[in-house]
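Input: a single structure, listed below in structure tokens.
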Amino acid sequence: MKSSLTTIAKHPSISLLKSCTTMKELKQIHAQLVVKGILNHPHLQGQFVATIALHNPTNLNYANQILHHQCHHPTLFTLNSMIRAYSKSTTPHKSFHFYSKILHFNNLSPDHYTFNFLVRTCAQLHVHVTGVSVHCALIKHGFEHDPHVQTGLIFMYAELGCLNSCHGVFEGVVEPDLVSRTAMLHAYAKCGDIEFARKMFDEMPQRDFIAWNAMITGYAQCGRSRDALSMFHLMQMAGVKINEVSMVLVLTACTHLGALDQGRWAHAYVERYKLRMTVTLGTALIDMYAKCGSIDKAMEVFWGMKEKNVYTWSSAIGGLAMNGLGEESLDLFNSMKQDGVKPNEVTFISVLKGCSVVGLVEEGRKHFHSMRTLYGIDPQLEHYGLMVDMYGRAARLEEALIFINSMPIKPHVGAWSALLHACRMHKNKELGELALEKIVELEDKNDGAYVLLSNIYADYMNWEKVSSLRQTMKAKGVKKLPGCSVIEVDGEVHEFFVGDKSHPRYDEIELKLEEIFRCLRLSGYVANTSPVLFDIEEEEKEDALGKHSEKVAVAFGLITLKGVPIRVVMNLRICWDCHNVAKMISKIYDTEIIIRDRSRFHHFKKGDCSCKGYW
DNA sequence: GTAGGGTTAG
């Protein structure tokens with residue numbers, strides 16, 4: 001018996017399996033096993049099914065069929081492998097089918113592996129009751145104290161947003177180690193308590209590179225990108241090993257900050273230390289370059305990547321669209337399909353942006369419909385919002401309204417906001433009023449909507465309406481989100497909030513701003529004070545406008561960055577006056593200015609902007 | 001022969 005087992009384990013089919021890439025090859029081996037009548041050998045069956053199921057997610061159905069039709073007595077190992085494979089798939093709920101099989105066979109009963117994989121499934125599913133039932137089941141079967149299962153549970157409850165439950169599980173861990181502590185740190189960060197996560201990190205008896213990475217992730221995910229970068233520098237100083245995951249995190253932080261210099265530094269670091277260029281790392285690089293205004297470099301990285309997944313393609317398509325290169329983004333979408341990569345809902349967000357930015361309405365409609373007909377993807381609110389935006393930019397406001405009214409789901413703030421933006425762009429007061437009404441119905445403190453409508457009134461010099469809108473905002477307690485702009489100089493990130501004078505070189509900046517406005521006025525600049533809602537004198541309005549964070553950041557850029565393009569990232573949409581000023585500065589000071597606002601890039605050069613006045 | 005912590009696009 002022993003010898004026959006060894007023979008089977010060393011069966012050439014098994015070693016062949018590992019290098020199998022195509023379905024055809026797998027089927028050949030499958031046929032051999034069936035012909036030789038050894039598929040039901042417990043050991044071999046497990047190996048075969050597990051290898052197929054885990055090798056490639058598209059093989060899962062095949063593994064499932066084999067199990068269903070040809071394995072009459074599946075082993076625990078085989079069924080566990082199926083649960084494991086489904087827990088990582090896009091249909092994790094199917095894991096439960098195999099769990100019930102384990103319960104159904106009298107000779108089988110779930111073990112610690114079963115529950116470990118099942119807990120992963122629940123984390124993927126994001127269904128609280130299911131998670132809790134699995135937790136109860138594993139207690140019943142006596143695996144509550146298994147350290148692997150416990151860590152899995154902490155991870156699962158973190159995914160479900162139940163910090164208390166994470167805590168409960170962690171308290172039951174007899175000897176917390178590096179792994180369970182890191183899982184807990186991750187849970188705190190994931191559930192929004194970053195300070196406590198940090199406390200936990202600081203109090204850890206030892207920390208390895210994964211613990212550091214988890215802490216950096218925590219900062220990056222709650223929007224504290226600067227802290228994420230500082231943490232990375234501390235990690236370097238502590239002499240901890242830095243791997244490609246750390247660099248993905250650094251790049252993500254750079255992307256959010258628009259910190260191109262530090263992003264370039266990270267790229268150089270990856271090359272110098274020959275870190276593994278994984279798909280994730282490559283994608284993070286593409287996204288960083290694209291969102292920091294260096295789209296050529298982004299595409300260079302993109303074309304240099306051997307392996308690309310749907311994230312990689314979507315990033316590149318979205319990056320091109322964001323940089324105003326709509327046609328190129330659509331070409332790339334075609335290449336993606338030719339490459340056999342199936343687009344998902346995020347890809348279509350990028351594609352629709354590409355259509356919208358160059359006004360390709362018919363093409364956009366075609367892609368929108370293909371989502372459901374060709375790919376079985378139900379459009380989400382974002383997709384509807386982008387369609388409205390597309391009609392709106394193309395000055396087809398009535399069609400935009402018809403589109404909104406024909407939505408099968410209740411139109412959201414985003415759809416109406418897209419219409420309102422279009423109304424501002426094409427100066428349509430009546431539709432603008434309707435859009436605001438709808439937005440306020442849904443979200444009565446939406447500052448952006450009030451500001452936009454008041455801008456429309458201001459375009460018509462209807463100051464009475466501007467002022468009455470201002471009163472309404474006051475009465476309802478609507479507060480404008482303070483503008484903030486970020487600029488990177490010599491690898492250091494400077495943040496400017498509107499009205500904040502705390503920057504150490506603020507006096508110099510103020511002098512520079514005065515100089516800029518003197519030059520601008522000589523060239524015929526008249527401030528467009530319409531975005532200033534306050535009930536103040538014209539001169540003061542101009543002053544408030546002059547202190548918009550993007551202007552302060554650009555002024556600082558002019559002082560510090562001689563002959564280098566000025567790159568600014570801001571949190572709001574750029575206002576019309578700042579847009580105008582940036583155009584003029586680019587001409588008068590003969591400098592390139594690249595501003596990334598909430599929705600897109602503006603490349604200012606020789607008095608013009610790449611957005612051609614549409615944003 | 002299976003398992004625990006960190007990563008990418010909106």
Side-chain angles (χ1 to χ4, degrees), chain A residues 5 8-9 14 42-51 53-54 75-85 87 111-120 143 146-156 158 173 176-187 189-190 204 207-218 220-221 235 243-253 255 276 278-288 290-291 308-319 321-322 343-353 380-383 385-386 414:
Chain A
L5 227 171
I8 288 165
I14 290 296
H43 190 91
L44 196 54
Q45 170 207 97
Q47 279 284 0
F48 185 59
V49 173
T51 310
L54 292 162
T75 63
L76 185 59
F77 177 85
T78 306
L79 294 169
N80 279 349
S81 300
M82 289 303 283
I83 297 176
R84 181 181 167 207
S87 78
D111 63 0
H112 45 310
Y113 288 105
T114 315
F115 284 112
N116 204 349
F117 301 141
L118 218 47
V119 162
R120 306 273 138 194
F143 298 107
D146 181 280
H148 291 86
V149 172
Q150 284 172 321
T151 312
L153 281 169
I154 294 172
F155 180 77
M156 177 191 86
V173 177
D177 61 2
L178 187 54
V179 177
S180 57
R181 282 180 212 273
T182 308
M184 203 53 212
L185 184 168
H186 163 86
K190 178 104 191 169
M204 277 165 84
R207 307 168 197 98
D208 63 357
F209 67 106
I210 297 182
W212 278 90
N213 286 346
M215 195 60 233
I216 297 174
T217 305
Q221 284 176 348
M235 180 180 181
N243 70 345
E244 68 276 0
V245 176
S246 323
M247 296 319 287
V248 168
L249 299 170
V250 167
L251 286 165
T252 307
T255 307
R276 209 155 53 91
T278 57
V279 184
T280 310
L281 182 53
T283 305
L285 266 173
I286 293 169
D287 200 44
M288 183 279 292
K291 292 211 180 96
K308 305 179 185 77
N309 63 15
V310 64
Y311 285 75
T312 322
W313 286 95
S314 304
S315 294
I317 295 168
M322 196 185 185
N344 65 13
E345 65 281 6
V346 180
T347 319
F348 278 102
I349 289 175
S350 301
V351 170
L352 294 177
K353 277 186 184 163
Q380 301 159 345
L381 287 169
E382 288 93 325
H383 301 101
L386 282 163

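Here is the naming used below: chain letters follow the sequence lines, and residue numbers restart at 1 for every chain. Atoms considered below: every heavy atom in the structure, side chains included; atoms not considered: hydrogens, waters and symmetry mates.
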key: Among B:dG4, B:dA9, B:dA3, the nucleotide that comes nearest once only the side chain of A:Asp146 is considered   = B:dA3
inquiry  = Applying the side chain to side chain contact (heavy atoms under 4.5 Å, CB included) criterion to A:Ser314, which one of A:Val310, A:Ile317, A:Thr312 satisfies it?
reply    = A:Val310
key: Value rounded to 0.5 Å, distance of OH in A:Tyr311 from OG1 in A:Thr347   = 10.5 Å
inquiry  = Tell me whether the side-chain N or O atoms of A:Asp208 pair up with the base of B:dG5 as donor and acceptor below 3.5 Å, since no angle test is needed here.
reply    = yes
key: Separation of atom CD in A:Gln380 from atom P in B:dA9, rounded to whole Å   = 16 Å
task = Classify the nucleic acid contact of A:Leu178 as base, sugar-phosphate or nothing, counting any heavy atom under 4.0 Å across all strands shown.
result = base
message = So, OP1 or OP2 of B:dA3: does either fall under 4.0 Å of a side-chain N or O from A:Arg84?
response = yes
ask   = When we call it a touch if two heavy atoms are under 4.0 Å apart, what does A:Ala220 touch: a base, just sugar-phosphate, or nothing?
value = nothing
query = Is the shortest side-chain N/O distance from A:Gln221 to OP1 or OP2 of B:dT7 below 4.0 Å?
reply = yes
request  = Return the nearest nucleotide to the side chain of A:Ser180; candidates are B:dG4, B:dG6, B:dG1.
outcome  = B:dG4
ask   = Within this structure, what is the OH-to-P distance between A:Tyr311 and B:dT7, rounded to whole angstrom?
value = 12 Å
request  = Look at the side chain of A:Asp177 and the base of B:dG4, then say whether one donor and one acceptor between them are separated by less than 3.5 Å.
outcome  = yes
task = Start with the C-alpha gap between A:Thr78 and A:Gln45, add the side-chain angles, then the distance that decides, and say whether side-chain hydrogen bond (donor to acceptor under 3.5 Å, both in side chains) holds.
result = CA-CA 7 Å; A:Thr78 306; A:Gln45 170 207 97; 2.7 Å; yes
message = Within the 4.0 Å heavy-atom criterion, would you say A:Arg120 contacts the bases, only the backbone, or no part of the nucleic acid?
response = sugar-phosphate
task = Could you tell me whether the phosphate oxygens of B:dG10, OP1 or OP2, come under 4.0 Å of any side-chain nitrogen or oxygen in A:Lys291?
result = yes
query = Does the side chain of A:Gln150 come within less than 4.5 Å of A:Ser180's, by heavy atoms?
reply = no
request  = Give the rounded distance in Å between these two atoms: CG of A:Leu285 and C1' of B:dA9.
outcome  = 14 Å
key: Distance in angstrom units between A:Phe348 CZ and B:dA9 C1', rounded   = 14 Å
ask   = With a 3.5 Å cut-off and no angle check, do the side chains of A:Asn116 and A:Asp146 form a donor-acceptor pair?
value = no
Whole-Å distance separating the OH atom of A:Tyr113 from the C1' atom of B:dT2 = 5 Å
request  = Please report, rounded to the nearest Å, how far the C1' atom of B:dT7 is from the CZ atom of A:Phe155.
outcome  = 12 Å
message = Base, sugar-phosphate or nothing for A:Asp287? Non-hydrogen atoms, less than 4.0 Å.
response = sugar-phosphate
ask   = Rounded to whole angstroms, how far apart are CD1 on A:Ile286 and P on B:dG10?
value = 12 Å
key: Nucleotide of B:dG5, B:dT7, B:dA9 approaching A:Ile210 most closely (side-chain heavy atoms)   = B:dG5
query = Should the ring pair A:Phe155 and A:His186 be called parallel, tilted or perpendicular, given that the plane angle runs from 0 to 90° and is split at 30 and 60?
reply = parallel
request  = Select one nucleotide: of B:dG6, B:dG1, B:dG5, the one nearest the side-chain heavy atoms of A:Thr182.
outcome  = B:dG5
inquiry  = Determine whether A:Thr255 and A:Asp287 satisfy the following criterion, side-chain hydrogen bond (donor to acceptor under 3.5 Å, both in side chains), listing intermediate values before the conclusion.
reply    = CA-CA 7 Å; A:Thr255 307; A:Asp287 200 44; 4.6 Å; no
ask   = Can A:His148 be classed as stacking with the base of B:dG4, given a centroid separation cut-off of 5.5 Å and a plane angle cut-off of 30°?
value = no
task = Indicate, with a heavy-atom threshold strictly under 4.0 Å, whether A:Ser315 touches base, sugar-phosphate, or nothing.
result = sugar-phosphate
query = Counting any heavy atom closer than 4.0 Å, what does A:Gly318 reach on the DNA or RNA strands: base, sugar-phosphate only, or nothing?
reply = nothing
message = Tell me if the side-chain of A:Asn213 makes a donor-acceptor pair with the base of B:dG5, cut-off 3.5 Å, by modelled atom types.
response = no
Whole-Å distance separating the CG atom of A:Asp111 from the C1' atom of B:dG4 = 15 Å
task = Identify which nucleotide among B:dT7, B:dG10, B:dG5 has an atom closest to any side-chain atom of A:Thr280, counting heavy atoms from C-beta outward.
result = B:dT7
inquiry  = Should the side chain of A:Asn344 and the base of B:dA9 be counted as holding a donor-acceptor pair, with the cut-off at 3.5 Å?
reply    = yes
message = Is A:Arg276 close enough to B:dT7 that one of its side-chain N or O atoms is under 4.0 Å from OP1 or OP2 there?
response = no
